[in-house]
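See structure below.
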Amino acid sequence: WCLRALPGLEDVADGNLLKLSCCWFPRDFFFEAAASFLCCFCSPPRIKDEPDDDGFYASPKEDSKPLKRPREDDDVKACFQGEGNTVPGSNRFFLILQDSKAKKAKSKDKKVPEADKRKKPKKEEEQKWKWWEEERYPEGIKWKFLEHKGPVFAPPYEPLPENVKFYYDGKVMKLSTKAEEVATFFAKMLDHEYTTKEIFRKNFFKDWRKEMTPEEKSTITNLSKCDFTHMSQYFKAQTEARKQMSKEEKQKIKDENERLLKEYGYCVMDNHKERIANFKIEPPGLFRGRGNHPKMGMLKRRIMPEDIIINCSKDSKIPPPPPGHKWKEVRHDNKVTWLVSWTENIQGSIKYIMLNPSSRIKGEKDWQKYETARRLKKCVDKIRNQYREDWKSKEMKVRQRAVALYFIDKLALRAGNEKEEGETADTVGCCSLRVEHIKLHPELDGQEYVVEFDFLGKDSIRYYNKVPVEKRVFKNLQLFMENKQPEDDLFDRLNTSILNKHLQDLMEGLTAKVFRTYNASITLQQQLKELTNPDDNIPAKILSYNRANRAVAILCNHQRAPPKTFEKSMMNLQSKIDAKKEQLADARRELKSAKADAKVRRDEKSKKSVESKKKAVQRIEEQLMKLEVQATDREENKQIALSTSKLNYLDPRISVAWCKKWGIPIEKIYNKTQREKFAWAIDMAEEDFEF
DNA sequence: ATACCCACTTAGTAACGAAGGC
DNA sequence: GCCTTCGTTACTAAGTGGGTAT
């Protein structure tokens with residue numbers, strides 16, 4: 001697959017090809033460059049596991065080459081300067097070749113000591129591919145080569161054992177396989193509150209009946225007469241049994257999952273092995289949706305190979321459909337990033353299999369997103385002045401646009417696309433706000449011109465906020481609400497498309513959501529500056545970081561349900577703190593007596609004892625502080641989710657720079673997954689990075 | 001102008017599993 | 001060694017926004 005991925009190599013004569021595992025490589029190419037690009041693969045098992053009998057792998061000459069290809073070479077670097085720098089016609093491969101040739105010339109005679117190259121962790125570190133140091137593709141082209149194994153389908157339905165019964169109207173009833181499968185979906189949810197909801201039950205029953213045989217259909221006419229409890233108990237027992245499994249059995253399952261991941265969890269995109277985010281097809285089940293969803297309880301049907309569109313390179317090994325099946329379509333569209341797609345039956349929307357956030361294709365986009373936000377920083381003052389002017393416009397449309405933009409900017413509201421009624425839960429964003437969602441208070445709690453927002457946003461998360469606004473905004477809102485019903489649109493002359501078209505005129509690439517990114521990132525940067533106390537120790541600094549992060553999460557209204565065990569775990573922590581306090585008091589007492597003792601005795605031994613007691617006190621003090629910090633952090637975090645903003649809104653370079661500046665290990669801020677996603681930022685941001 | 005389709009990002013929660021306490 | 005706790009990962013719903021057809 002590597003060779004096929006390399007444009008411009010078709011003319012290589014057979015005699016110059018080398019076979020590696022199942023692939024052919026041009027001999028020169030391999031020796032000169034293969035090592036340097038293959039080492040970019042996360043795990044090159046074929047190379048390691050199946051050394052070819054050509055003996056190249058063991059060749060001391062090749063072995064002594066540095067695995068990492070140098071990045072500093074000018075010829076390479078020159079091609080990678082700046083954002084959006086694309087060099088049509090050139091390609092990554094040739095850069096790799098050039099690069100490694102240049103390196104070879106320089107280091108031809110240098111032998112790397114045997115011990116060095118076997119250092120495992122270092123090697124793995126070096127294997128990471130730095131895509132951010134390479135040129136970008138021209139706009140629109142997402143890849144040149146793509147090969148993958150296709151999706152993993154949900155396991156087929158396994159009928160219940162004979163002794164697990166379903167009862168209708170008090171009588172045992174044997175269900176057909178299809179009807180039984182859908183019944184099990186319901187049975188598994190029995191403990192959830194929503195199985196009691198009218199809409200859920202109605203939708204479920206309607207869809208379930210579609211799966212029944214005519215006989216079942218005529219018998220089962222009332223959901224309330226259905227008794228799933230036995231089935232439910234059976235599943236609970238199964239869960240319990242799974243928990244009780246022996247180590248070996250659990251290991252077996254783990255191994256199988258790993259095998260699946262290894263085989264289907266990766267693809268090859270342009271010379272690099274990349275992790276796939278979701279290679280498993282969503283299994284059938286009952287749709288829940290969030291909030292008050294009109295379609296809750298509907299049957300999410302099983303996806304078959306015949307539903308699946310495969311996207312890959314023409315010249316790649318096309319994944320075969322499961323035996324006896326066909327794909328819906330195989331296409332070769334390199335203007336999109338997805339590998340597999342299908343249409344889902346609840347909303348009729350398309351679902352995709354795409355790459356992991358650590359992949360080049362996602363990372364580049366992410367990076368670009370923050371660069372756009374940074375461009376906004378440069379012109380945000382101008383834009384703000386502009387919309388303030390527009391509040392006075394004689395055109396209604398312009399005024400509405402300006403007020404909406406003010407909300408988006410000031411409150412970090414989402415754009416608010418219209419949605420089809422009856423298809424989704426009733427939620428709104430800025431442009432789709434209705435009169436009923438705001439209240440105007442000329443005066444409230446000693447403040448003038450307060451707007452009270454109360455509406456359900458994305459995921460039916462409530463947005464509640466009382467905001468003092470400028471008089472002009474207030475007067476405009478009064479105007480917009482005149483002669484309207486509560487259910488009428490607040491901004492009746494505005495939608496996201498109009499707004500975004502306007503934004504596009506103000507700055508290239510500007511859309512409503514850029515404001516969220518910009519305001520989130522700038523808030524983090526400013527809060528970090530404000531909150532970080534240079535004299536604090538590391539845990540205290542991290543608390544400051546979390547507080548800065550929290551300010552952003554609050555701005556973006558990222559909420560979470562308080563963890564079920566919150567109160568309990570808080571109490572546990574408090575008792576730990578109390579215990580630590582006592583311990584500290586004890587240690588202090590001991591120190592005091594040791595001091596007194598030393599004063600009397602004046603010998604080395606007692607002096608030493610004082611020292612060690614002092615240290616002990618210090619240690620305990622530190623531990624106590626750590627616990628207290630933890631408690632504060634947790635309390636303040638009760639209903640706020642930090643992860644969303646961290647993952648999607650905060651330019652990672654701000655955090656990386658902050659870590660570097662204060663000597664905080666990056667691991668304290670980003671876990672492993674996050675470090676993988678933000679590898680580009682961790683690598684490139686210096687202490688002095690300014691958003 | 002509007003509806004609709006498509007691709008891609010953003011979102012919260014459930015399930016899982018490692019670490020730490022008893 | 002078992003149990004609890006808590007962070008991580010998997011999952012998939014629900015947004016945004018661009019493009020195109022009507």
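Proteins get letters first, then strands, A, B, ... in listed order; numbering begins at 1 in each. As a basis for the values below, the full set of heavy atoms in this structure was taken, side chains included, without hydrogen atoms, waters or symmetry mates. Small disclaimer: the values here were computed from a predicted structure and weren't measured.
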> If you measure from CZ on A:Arg547 to CG on A:Leu642, what distance do you get to the nearest 0.5 Å?
Replying inline: 12.5 Å
State whether [X] places a side-chain N or O below 4.0 Å from either non-bridging phosphate oxygen (OP1 or OP2) of [N].
X	N	value
A:His558	B:dA11	yes
A:Asn278	C:dC11	no
A:Thr644	B:dG12	yes
A:Lys513	B:dT9	no
A:Lys254	B:dA18	yes
A:Lys351	C:dA13	yes
A:Lys362	B:dT9	yes
A:Thr496	C:dG17	no
A:Lys365	B:dC8	no

> Would you call A:Arg360 and A:Glu274 a salt bridge, using N to O less than 4.0 angstrom?
Replying inline: no
>> Between A:Glu344 and A:Ala415, which residue's closest nucleotide on DNA chain C lies nearer the 5′ terminus?
In response: A:Glu344
Identify all pairs in which a protein N or O lies below 3.5 Å from an N or O of nucleotides 18-20 of chain C, and state each distance.
none

Describe the nucleic acid contact of [X] in one word from base, sugar-phosphate, nothing, applying a heavy-atom distance below 4.0 Å.
X	answer
A:Arg242	nothing
A:Thr427	sugar-phosphate
A:Pro283	sugar-phosphate
A:Lys250	nothing

> Out of B:dA7, C:dA13, C:dG17, which nucleotide sits closest to the side chain of A:Tyr352?
Replying inline: B:dA7
> Should the heavy atoms of other residues, nucleotides or ligands under 6.0 Å from CD of A:Glu508 be counted, would the total exceed 12?
Replying inline: no
>> Whether the A:Thr372 and A:Tyr518 side chains hold a donor-acceptor pair (N or O, under 3.5 Å, no angle test) is what I'd like checked.
In response: no
